[in-house]
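For reference, the structure is listed below as structure tokens.
Chain naming here is simple, since letters A, B, ... match the order of the sequence lines and numbering starts at 1 in each.
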Amino acid sequence: MSRSSVSAVPVDSLSAEEARAEHERLGEALAEADRQYYQDDAPTLTDADYDALRRRYEALEAAHPALRTAESLSERVGAAPSGKFGKVTHAVPMLSLGNAFADEEVTDFVGRVRRFLGLEADAPVAMTAEPKIDGLSCSLRYVDGRLAVAATRGDGAVGEDVTANIRTIHEIPQVLKGAPEVLEVRGEVYLSHEDFRRINARQEERGLPPFANPRNAAAGSLRQLDPRITAERPLRFFAYAWGEIAPARPRDTQSGMVKWFDELGFPTNPLTVVCESAEELLAHYRRIGEMRATLGYDIDGVVYKVDDLALQARLGFVSRSPRWAIAHKFAAEKATTILDAIDIQVGRTGALTPVAKLRPVTVGGVVVSNATLHNEDYIKGIGTDGARFREHDIRVGDTVIVQRAGDVIPQVLDVVPEKRPADARAYAFPTTCPACGSPAIREEGEAVRRCTGGFACSAQALERLRHVVSRRVLDIEGLGAERLPFFYEDPDLPIREPADIFTLARRDQANLKKLKDKEGFGALSAKNLFDAIEASRTVPLDRLIAALGIRHVGETTARVLARAYGTWQAFHDAAVRVAEGDADTRHELDSLDQIGDAVIDALAAYFAEPRNRAMVERLVAELTVQEAEKPKSDTPVAGKTVVFTGSLEKMTRDEAKAMAERLGAKVAGSVSKKTDYVVAGPGAGSKLDKARDLGVIVMTEDEWFELVK
DNA sequence: GCGCCTCGAGTTCC
DNA sequence: CTCGAGGCGC
């Protein structure tokens with residue numbers, strides 16, 4: 001049999017061994033064909049032959065699910081960055097939006113915007129309202145009017161290069177007339193209901209499994225390695241946002257920008273309107289809700305944005321999402337099913353989290369079989385659920401109501417008491433760790449029960465490693481949740497602590513290249529893994545601090561610490577000092593924004609433990625740590641610590657803080673001997689007195705503006 | 001001391 | 001995405 005011919009033996013009549021052999025052979029042939037097609041640009045197979053191979057390969061996996069491993073080609077195509085799509089760093093990050101479900105949250109949002117801007121409670125603020133399309137967000141970069149790069153959202157900072165696939169979308173112009181030198185248009189790629197049905201019919205004709213919903217089909221189509229497949233899928237696009245624009249943005253409102261996109265030839269959503277109050281926004285929300293079923297494409301809510309771009313700039317961002325926009329989601333679809341069991345998972349901090357194992361049920365187009373139960377009290381029904389007191393206690397065997405929160409995360413909402421089996425017993429939450437058997441205790445006043453096993457608990461160790469390699473921390477491609485347990489257990493090349501990741505290649509050399517001979521590993525995947533690890537060896541200080549996994553020190557707090565200390569050595573020394581009980585250092589940390597006793601205690605406890613310190617030393621010895629992005633140093637207030645107090649009249653407190661930080665100053669909450677300036681509005685009290693006692697410079701808002709001008 | 005806001009730590013499915 | 005809790009303003 002030649003490599004490119006396809007066996008006619010029905011896949012389900014093959015033995016497991018025969019199937020495995022054929023699967024492997026086809027995988028190699030397909031990989032080779034891909035290489036020729038993409039790299040050498042010289043295909044040796046016709047499209048039809050390639051498709052036949054591919055279909056046989058997938059049919060084998062369908063009949064023999066054991067073949068569908070992380071190494072499988074079909075997994076590599078829809079899954080995480082496979083190395084086949086290039087990475088694209090967004091010039092301006094693509095952020096996510098905050099959510100609202102109840103009308104009240106929308107009113108709150110509008111109130112928050114007004115308050116932040118210092119407007120009267122009933123002052124009109126122009127806001128746009130537009131349907132929230134349920135597809136994939138994409139950023140299209142045009143240089144000199146030609147489509148240059150198209151990227152998926154990714155983690156918001158770095159996405160995947162899907163330019164070739166985007167070029168197959170007819171609705172997206174390849175060339176723009178009268179566009180600025182650089183223009184990034186952002187919007188949603190989606191599939192209409194009609195086209196979705198057509199694609200699924202074709203999938204079935206070809207004996208392939210149908211897509212669960214239009215969004216999955218759109219995602220699968222956009223992330224095809226083969227643009228010829230994408231071209232068969234009539235994807236559509238709506239433009240609603242932008243990234244970099246140079247030399248200048250031509251309009252000064254959100255609605256004006258969308259109109260401009262329309263003039264440039266992009267599809268824009270016809271249901272976009274400008275409103276002036278929360279009531280008008282809600283009225284439009286209801287109008288769109290009524291039209292939902294007849295729109296012909298999926299939407300999952302309505303997005304509201306402050307229209308004036310100057311106001312958007314003043315409002316700025318909160319951590320990951322803009323303060324000037326919110327997504328008002330439609331109520332999630334609910335379903336009932338039976339709770340078969342309650343599993344306990346152990347997190348990296350030792351937290352025991354109960355997970356509901358459900359009789360599989362379709363909710364919102366996806367089959368759900370697991371759902372979080374949050375904690376011990378949630379199962380008992382202690383506490384409140386919004387306005388209403390929860391009275392359920394959740395028992396194994398119960399019929400439960402499930403929804404996908406924000407249409408994503410499955411959640412057990414309630415039980416149906418009438419359907420409770422007579423023999424159902426109240427759930428007894430374990431008091432020992434299911435992984436290591438150590439006692440699991442609940443601290444006074446805490447909701448979570450934690451395993452006390454610490455270093456002895458393998459579940460915790462594994463979760464800590466998982467945290468280290470995760471995307472928001474060291475982001476090591478090819479060493480994800482799937483592979484880590486395999487390395488953790490491995491007798492030859494174990495990864496038991498973070499430093500082990502970076503010594504892996506060395507140890508492998510010493511062991512005569514064992515990795516590539518391991519099951520599921522080839523020479524290529526071993527090399528890819530080593531390359532990814534090498535690429536992560538240089539880390540920004542904030543990510544390193546986040547990687548330590550200190551309680552209460554996540555992404556944001558790590559960044560605060562990194563900026564405050566600048567270098568690993570400075571941070572490390574401060575942490576050691578505070579662990580030794582140094583009061584000055586404690587005070588210095590306390591003066592940092594958002595850092596208080598709980599964070600300092602956690603930091604001190606971590607560095608007081610010799611095993612942690614040794615582990616960290618070993619890790620840092622393997623890394624090149626980049627100094628933290630220096631705050632601006634060329635402004636009059638750079639490096640100074642400022643405290644705002646009293647009622648500010650020229651700017652809101654948040655604006656004042658954002659402004660000072662932009663200029664490289666640190667904003668502290670309380671006055672200390674480290675404070676350089678106190679900016680006092682009318683009605684300032686004890687902080688002003690303290691500033692005078694300490695001889696700190698006190699100024700008015702006007703004097704502050706004069707200083708920073 | 002209370003209440004608001006933000007962050008961290010947990011979670012699912014593709 | 002949600003919940004709980006820390007930080008901080010009032």
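Between B:dG10 and A:T349, a contact under 4.0 Å exists linking OP1 or OP2 to a side-chain N or O.
Rounding to whole angstrom units, CZ of residue A:R112 and C1' of B:dT6 are separated by 11 Å. Atom C1' of nucleotide B:dT11 and atom NZ of A:K357 are separated by 12 Å, given to the nearest angstrom. The nearest whole Å value for the distance from the CG atom in A:L373 to the C1' atom in C:dC3 is 13 Å. Atom CG in A:L315 sits roughly 14 Å away from atom P in B:dC5 (whole-Å rounding). The distance between atom CD of A:E463 and atom P of B:dT11, rounded to the nearest whole Å, is 7 Å. The interatomic distance linking A:Y378 (OH) with C:dA5 (P) rounds to 16 Å, in whole Å. In this entry the distance linking CG of A:N375 with P of B:dT11 reads 12 Å, nearest Å. One atom, NE2 of A:H552, and another, P of C:dG7, lie 7 Å apart when rounded to the nearest Å.
Taking every heavy atom of both residues into account, A:Q203 and A:R233 meet most closely at OE1-NH2, 3.8 Å.
Nearer to the 5' terminus of DNA chain B, by closest-nucleotide assignment, is the contact made by A:V553 (compared with the other of A:V553 and A:Q345). Mapped onto DNA chain B by nearest heavy atom, A:N216 and A:R348 fall at different nucleotides, with A:R348 at the one closer to the 5' end.
Residues that satisfy the salt bridge (Lys or Arg N to Asp or Glu O under 4.0 Å) test with A:E609, not counting sequence neighbours, are A:R611.
When each of C:dC3, B:dC14, B:dG8 is scored by its nearest atom to the side-chain atoms of A:E555, the top-ranked nucleotide is B:dG8. Comparing B:dC14, C:dA5, B:dT11 by their closest approach to the side chain of A:T372 singles out B:dT11. With B:dC13, B:dC7, B:dC14 as the choices, the nucleotide that has an atom nearest any side-chain atom of A:V368 turns out to be B:dC13. Relative to the side chain of A:R551, the nucleotides B:dA9, C:dG4, B:dC13 differ in distance, and B:dA9 lies closest. Which of B:dT12, B:dG8, C:dG4 sits closest to the side chain of A:T557 comes down to B:dG8. Distances from the side chain of A:R323 to the nucleotides B:dT6, B:dG8, B:dT11 place B:dT6 closest. Of all nucleotides listed (C:dC3, B:dA9, B:dC13), C:dC3 comes nearest to the side chain of A:Q411.
A:H328 has its ring centre less than 6.0 Å from the ring centre of A:Y304.
With hydrogens and angles disregarded, no donor-acceptor distance shorter than 3.5 Å links the side chain of A:H552 to the backbone of A:I600. Proximity of a side-chain donor or acceptor of A:D398 to a complementary backbone N or O of A:V400 within less than 3.5 Å is not detected. A distance-only check finds a donor-acceptor pair linking the side chain of A:Q312 to the backbone of A:V306 [under 3.5 Å].
Residues A:Y565 and A:E588 bring a donor and an acceptor atom of their side chains to less than 3.5 Å of each other.
Near DNA chain C, meaning a heavy atom under 4.0 Å from it, residues 596-604 of chain A has A:G596, A:D597, A:A598, A:V599 in order of number.
Taking CG from A:D300 and CZ from A:F330, the interatomic distance works out to 8.0 Å, rounded to the nearest 0.5 Å.
Within 4.0 Å (heavy atoms only), A:V448 reaches no atom of the nucleic acid at all.
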